[in-house]
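Remember, it's 1-based here, ligands and their atoms both numbered in the order they're listed. What you see is a predicted model, and the numbers here were worked out from it, not measured in a lab.
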Amino acid sequence: MDEEIIRYENVSIVFDEKTIIDHFSLTVCKGEKVILRGPSGSGKSTLLKMAQGYARPHAGMVFYRTHEIDADTAWKIRQETAYISQDTDIGEGNVRELIAGVFAYAANKKVPYETSLNEYLTLFSLDETILDKDFRSLSGGEKQRIAIIISLLLGRTIFFLDEITAALDGLMKSRVAEYFLSHDDWTVIAISHDDAWYRDNVRIIPVGGN
Ligand SMILES: Nc1ncnc2c1ncn2[C@@H]1O[C@H](COP(=O)(O)OP(=O)(O)OP(=O)(O)O)[C@@H](O)[C@H]1O
């Protein structure tokens, strides 16, 4: 039987008395690649945040590995999955220290990230000298690639990706999308308007008015 990772059951989202989403249901199993597609403001980002416990449904339920998401499960989810938000301002200080800081957390301490870091920099066309730059001085596309690299270094296999290729050029959009979509055992739920994500093995889920 397919292993269930995330299940939205009759989820409704209401903000300021306005219904954004009504009765949204979706089950995502291990290894599946899913793209949430819909107009701006249709609730896609909020759905991803719910899967991390950062937002709660107005009605309905969200399950992670068949357990309803609450404070306890949210903690476990954040240890087992990688979430990249649209907000690329993930820290300050130089890039090397920013990355080291992520791996100083108890939960990530055992991850031997240094060996893979240079390989990922090369894969995503970043020069090693970027490690000595102030993170805030980087371009939007460079910040996006550093956030992507950190999520990959964590070694997780479940990814929630919110518009992670929006600031990249065409070739890099394809390279990033290909990387996430080509691992059979990775579970990926992504939001993107970029064609690079719309491939044969991807399930497209309409959200809102399309
Ligand atoms: N915490 C909040 N409080 C009030 N309104 C909110 C909150 N979070 C989101 N919204 C509103 O809910 C709607 C859906 O937001 P969301 O970011 O989920 O949409 P989206 O489909 O991801 O949009 P986009 O494609 O533009 O990123 C928007 O109108 C947004 O302003």
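Lys18 does not count as a contact of ligand 1, since none of its heavy atoms falls under 4.0 Å from the ligand. Contact analysis leaves Gly38 out of contact with ligand 1, as no non-hydrogen atom separation drops below 4.0 angstrom.
In Ile20, the part holding a heavy atom less than 4.0 Å from any atom of ligand 1 is the side chain. By the criterion of a heavy-atom distance under 4.0 Å, neither the backbone nor the side chain of Glu163 is placed next to ligand 1. The residue Ala55 has no part lying near ligand 1, judged by heavy-atom distances below 4.0 Å.
No donor-acceptor distance shorter than 3.5 angstrom exists from the side chain of Ser137 to the backbone of Lys133, with no hydrogens or angles considered. Under a 3.5 Å cut-off, the side chain of Tyr198 and the backbone N or O of Ser192 do form a donor-acceptor pair. Counting only distance, with no hydrogens or angles, the side chain of Arg199 and the backbone of Ala196 share a donor-acceptor pair below 3.5 Å.
At the shortest separation from atom 26 (O) of ligand 1 among protein heavy atoms lies Ser40 OG, 2.6 Å. At the shortest separation from atom 18 (O) of ligand 1 among protein heavy atoms lies Thr46 OG1, 2.6 Å. Gly43 N, 3.2 Å is the protein heavy atom nearest to atom 19 (O) of ligand 1. Annotation: atom 11 (C) of ligand 1 to nearest protein heavy atom, Phe15 CD1, 3.6 Å. Among protein heavy atoms, atom 25 (O) of ligand 1 sits closest to Lys44 NZ, 2.8 Å.
In summary, the aromatic rings of Tyr83 and Phe159 are positioned with their centroids too far apart to meet the 6.0 Å limit.
Of the N and O atoms on the side chains of Asp162 and Ser85, not one donor lies less than 3.5 Å from an acceptor on the other residue. Between Thr157 and Asp185, the side chains place no donor N or O within less than 3.5 Å of an acceptor N or O (distance only, hydrogens not considered).
Atom OG1 of Thr46 is separated from atom CG of Leu36 by 11.0 Å, given to the nearest 0.5 angstrom.
Protein heavy atoms are found less than 4.0 angstrom from atom 1 (N) of ligand 1. The presence of a protein heavy atom under 4.0 Å from atom 30 (C) of ligand 1 is ruled out.
We find that Glu80 and Arg156 are not joined by a salt bridge, their nearest charged nitrogen and carboxylate oxygen being 4.0 Å or further apart. Using a 4.0 Å cut-off between charged side-chain N and carboxylate O, Lys44 and Glu163 make no salt bridge.
For atom 27 (O) of ligand 1, the choice among Arg37, Gln86, His193 with the nearest heavy atom turns out to be Gln86. Among Ser45, Gly208, Ser192, Gly41, the residue whose heavy atom sits closest to atom 23 (O) of ligand 1 is Gly41.
Ligand 1 places these atoms under 4.0 Å from at least one heavy atom of Pro39: 21 (O).
Between Trp186 and Phe180, the ring planes lie tilted relative to each other; the angle falls in the 30° to 60° range.
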